[in-house]
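Here the structure is laid out as structure tokens; the discussion comes afterwards.
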There are 2 protein chains.
Amino acid sequence: MNLRDRTRQLAVQEILDTALRLFTEQGFEATTIAQVAHEAGVSQRTLFRYFGTKEDLVGGAQDEFVALVGTTLREQPDDVDAWTALREALAAALSVHATPLDALARFRLIHTTASLRAAYLGKRVRLQEELVPLVEARLDGSVPAAGSATTRARAVLGTVFGCFDAAMATWLDHDGEGDLLDLYDEAVAAVRGARA
Amino acid sequence: MNLRDRTRQLAVQEILDTALRLFTEQGFEATTIAQVAHEAGVSQRTLFRYFGTKEDLVGGAQDEFVALVGTTLREQPDDVDAWTALREALAAALSVHATPLDALARFRLIHTTASLRAAYLGKRVRLQEELVPLVEARLDGSVPAAGSATTRARAVLGTVFGCFDAAMATWLDHDGEGDLLDLYDEAVAAVRGARA
DNA sequence: CGCCTCTGTGGCAGCGACTGCCAACTAGTC
DNA sequence: GACTAGTTGGCAGTCGCTGCCACAGAGGCG
């Protein structure tokens with residue numbers, strides 16, 4: 001790896017750390033880009049070259065999350081149904097967070113800041129649309145169903161992510177105690193009923 | 001009603017019409033607030049006094065929608081279960097749109113513009129949180145369920161709105177043909193199975 | 001080792017959304 | 001008809017974000 005690449009990676013990490021620190025200390029809105037750039041030791045212009053928007057300073061990890069859901073879903077065997085495959089994808093994506101404590105801080109920041117939450121939701125919606133064909137291929141064909149396959153796939157995706165949000169909200173309410181995936185299972189069970 | 005109030009209402013309508021026209025003609029991002037204000041015959045400052053953000057120029061109807069879902073849900077008889085009550089609330093909220101054509105244009109604009117979509121999703125998430133206690137009171141208590149009532153209520157809400165999004169996406173794909181509520185029923189059926 | 005090239009960086013000016021402040025105006029009141 | 005109070009508009013300023021250009025330093029070459 002080049003010297004250039006190494007220094008750049010160092011700068012990126014420094015920016016991310018500084019940003020998360022300042023955002024949690026004094027709030028997202030109250031922190032200016034100029035402040036983050038200055039304290040991280042880079043120019044404002046460079047900061048915007050690395051991260052396109054202020055929200056990306058927090059949501060960078062979310063991009064990995066989104067990407068991982070997609071790749072994991074693709075890797076599932078063909079005979080796994082949509083619900084199971086999506087659950088596996090969420091589980092895999094959640095495992096990227098090194099420490100749950102870091103995840104808690106980051107998720108809470110996103111959850112409590114309007115603009116961050118909006119940015120996150122926007123990315124998620126885009127992910128959902130990407131996954132539609134993948135889910136469509138896994139729909140249970142044994143039971144004749146009404147409506148187009150696309151609508152049904154979208155409904156499954158909306159439900160999965162809706163239940164994931166429900167689990168996340170409760171998880172944050174309880175300060176990250178308990179397993180997020182267990183809460184997700186509870187949420188899905190509440191909607192679909194207990195099944196094998 | 002005062003003369004003041006009347007002229008103000010007139011100005012508001014003029015601004016809304018101008019905004020929707022310009023947004024659909026040349027796109028949301030490509031249209032500046034200055035342009036809308038000028039063509040509507042008011043100052044920029046006044047425009048921002050009426051509408052806090054650029055997104056509100058489109059999403060104003062969404063606010064009614066959101067409010068109507070809440071009030072309708074509250075008005076449902078106590079013995080109506082959560083799913084049915086929420087369906088009724090959505091149906092009532094959808095009926096506010098005078099012409100489906102206007103609704104189509106507005107929904108499509110929101111659906112295809114990233115920032116508008118993010119703003120809409122943010123508002124909806126807030127609505128969901130408001131509705132949690134109302135749904136919680138309507139959860140089916142006849143079957144013992146795992147997990148906290150709050151989580152289950154959030155899951156139901158997430159699913160309902162997730163399915164609504166699925167229906168909306170398909171509805172927009174088909175240029176607004178068919179009944180949105182029928183599509184919603186299809187989506188819910190795909191998730192929960194056909195029930196009485 | 002010295003030179004050259006080329007990528008990456010920083011500064012600057014500028015745009016657009018949005019806000020606070022103040023002055024001018026005018027609808028409502030007595 | 002004058003006074004008051006709420007409305008409006010303009011101005012300046014902040015903040016996120018972008019295009020442009022000059023410069024420095026890293027990587028490749030003889």
Side-chain angles (χ1 to χ4, degrees), chain A residues 1-16 18-20 22-23 25-60 63 109-110 113-120 122-123, chain B residues 1-16 18-20 22-23 25-60 63 109-110 113-120 122-123:
Chain A
M1 187 182 278
N2 269 346
L3 170 61
R4 254 184 202 163
D5 295 340
R6 253 180 297 149
T7 55
R8 185 166 74 176
Q9 196 172 350
L10 222 65
V12 165
Q13 200 54 51
E14 179 65 29
I15 292 171
L16 282 176
T18 308
L20 191 57
L22 291 176
F23 290 162
E25 275 176 16
Q26 55 190 13
F28 180 76
E29 320 278 359
T31 307
T32 68
I33 290 286
Q35 193 183 2
V36 176
H38 183 254
E39 294 208 16
V42 295
S43 79
Q44 219 174 13
R45 196 67 193 78
T46 302
L47 193 152
F48 273 116
R49 258 193 280 265
Y50 289 162
F51 306 92
T53 68
K54 190 180 179 186
E55 281 77 19
D56 284 347
L57 290 172
V58 179
D63 289 342
L109 189 61
I110 295 175
T113 308
S115 69
L116 278 173
R117 192 160 181 170
Y120 162 67
K123 276 182 192 170
Chain B
M1 189 181 275
N2 269 345
L3 169 62
R4 252 183 205 163
D5 295 340
R6 253 180 297 148
T7 55
R8 186 166 72 178
Q9 195 172 352
L10 222 65
V12 165
Q13 201 53 51
E14 179 66 28
I15 292 170
L16 282 176
T18 309
L20 191 56
L22 290 175
F23 290 163
E25 275 176 16
Q26 56 190 11
F28 180 76
E29 320 277 359
T31 307
T32 68
I33 289 287
Q35 193 183 1
V36 176
H38 183 254
E39 294 209 16
V42 295
S43 77
Q44 223 176 67
R45 195 68 192 79
T46 302
L47 193 151
F48 273 117
R49 259 193 280 264
Y50 288 160
F51 305 91
T53 67
K54 190 180 179 185
E55 281 78 20
D56 285 346
L57 289 173
V58 179
D63 289 342
L109 188 61
I110 294 174
T113 309
S115 68
L116 279 174
R117 191 161 181 168
Y120 163 66
K123 276 181 193 170

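The chains referred to below are lettered A, B, ... by the order of the sequence lines, with proteins before strands, and numbering in each begins at 1.
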Starting at CZ of A/Arg6 and ending at P of C/dG8, how long is that distance when rounded to a whole Å? 16 Å

From A/Ile15 atom CD1 to A/Leu10 atom CG, the distance as rounded to the nearest 0.5 Å: 10.5 Å

If you take any heavy atom closer than 4.0 Å to DNA chain C, which residues from residues 35-45 of chain B end up in contact? B/Arg45

Could you tell me whether the side chain of A/Gln26 reaches within less than 4.5 Å of the side chain of A/Leu22, counting heavy atoms only? yes

Between B/Leu47 and A/Ile33, name the one whose nearest nucleotide on DNA chain D is closer to the 5' end. B/Leu47

What does nucleotides 24-30 of chain C look like as a protein-contact string, B for base, S for sugar-phosphate only, - for none, at under 4.0 angstrom between heavy atoms? --BBS--

What is the distance, rounded to the nearest whole Å, between atom CZ of B/Phe48 and atom P of C/dG16? 12 Å

Heavy-atom distance under 4.5 Å between the side chains of A/Ile33 and A/Leu57, does that happen here? yes

Check whether any side-chain heavy atom of A/Arg8 sits under 4.5 Å from a side-chain heavy atom of A/Arg4, and report yes or no. no

Smallest separation among heavy atoms of A/Thr31 and A/Gly27, with atom names: OG1-O, 2.7 Å

Pairwise distance NZ(B/Lys54) to CZ(B/Phe23) - rounded to 0.5 angstrom: 5.5 Å

Between CZ of A/Arg8 and P of C/dT7 the distance, given in whole Å, is 13 Å

All heavy atoms of B/Thr18 vs all of B/Ala40, minimum pair found to be OG1-CB, 3.8 Å

Identify whether any heavy atom of B/Thr31 sits under 4.0 Å from a base atom; if not, whether one sits that close to sugar-phosphate; answer base, sugar-phosphate or nothing. sugar-phosphate

Contact check, side chains of A/Tyr120 and A/Glu55, non-hydrogen atoms, under 4.5 Å: no

Residues of residues 49-56 of chain A with any non-hydrogen atom less than 4.0 angstrom from an atom of DNA chain C: list those, numerically ordered, please. A/Arg49, A/Tyr50

Looking only at heavy atoms, what is the nearest atom pair of B/Gly59 and B/Lys123, with distance? O-NZ, 3.7 Å

In whole angstrom, what separates A/Phe23's CZ from D/dG16's C1'? 12 Å

Are B/Thr53 and B/Asp56 packed together at the side-chain level, in the sense that at least one heavy-atom pair is separated by less than 4.5 angstrom? yes

Using atom CG of B/Leu10 as one end and atom P of D/dT8 as the other, report the distance to the nearest whole Å. 13 Å

If you compare all heavy atoms of B/Thr113 against all heavy atoms of B/Leu109, which two are closest, and at what distance to 0.1 Å? OG1-O, 2.8 Å

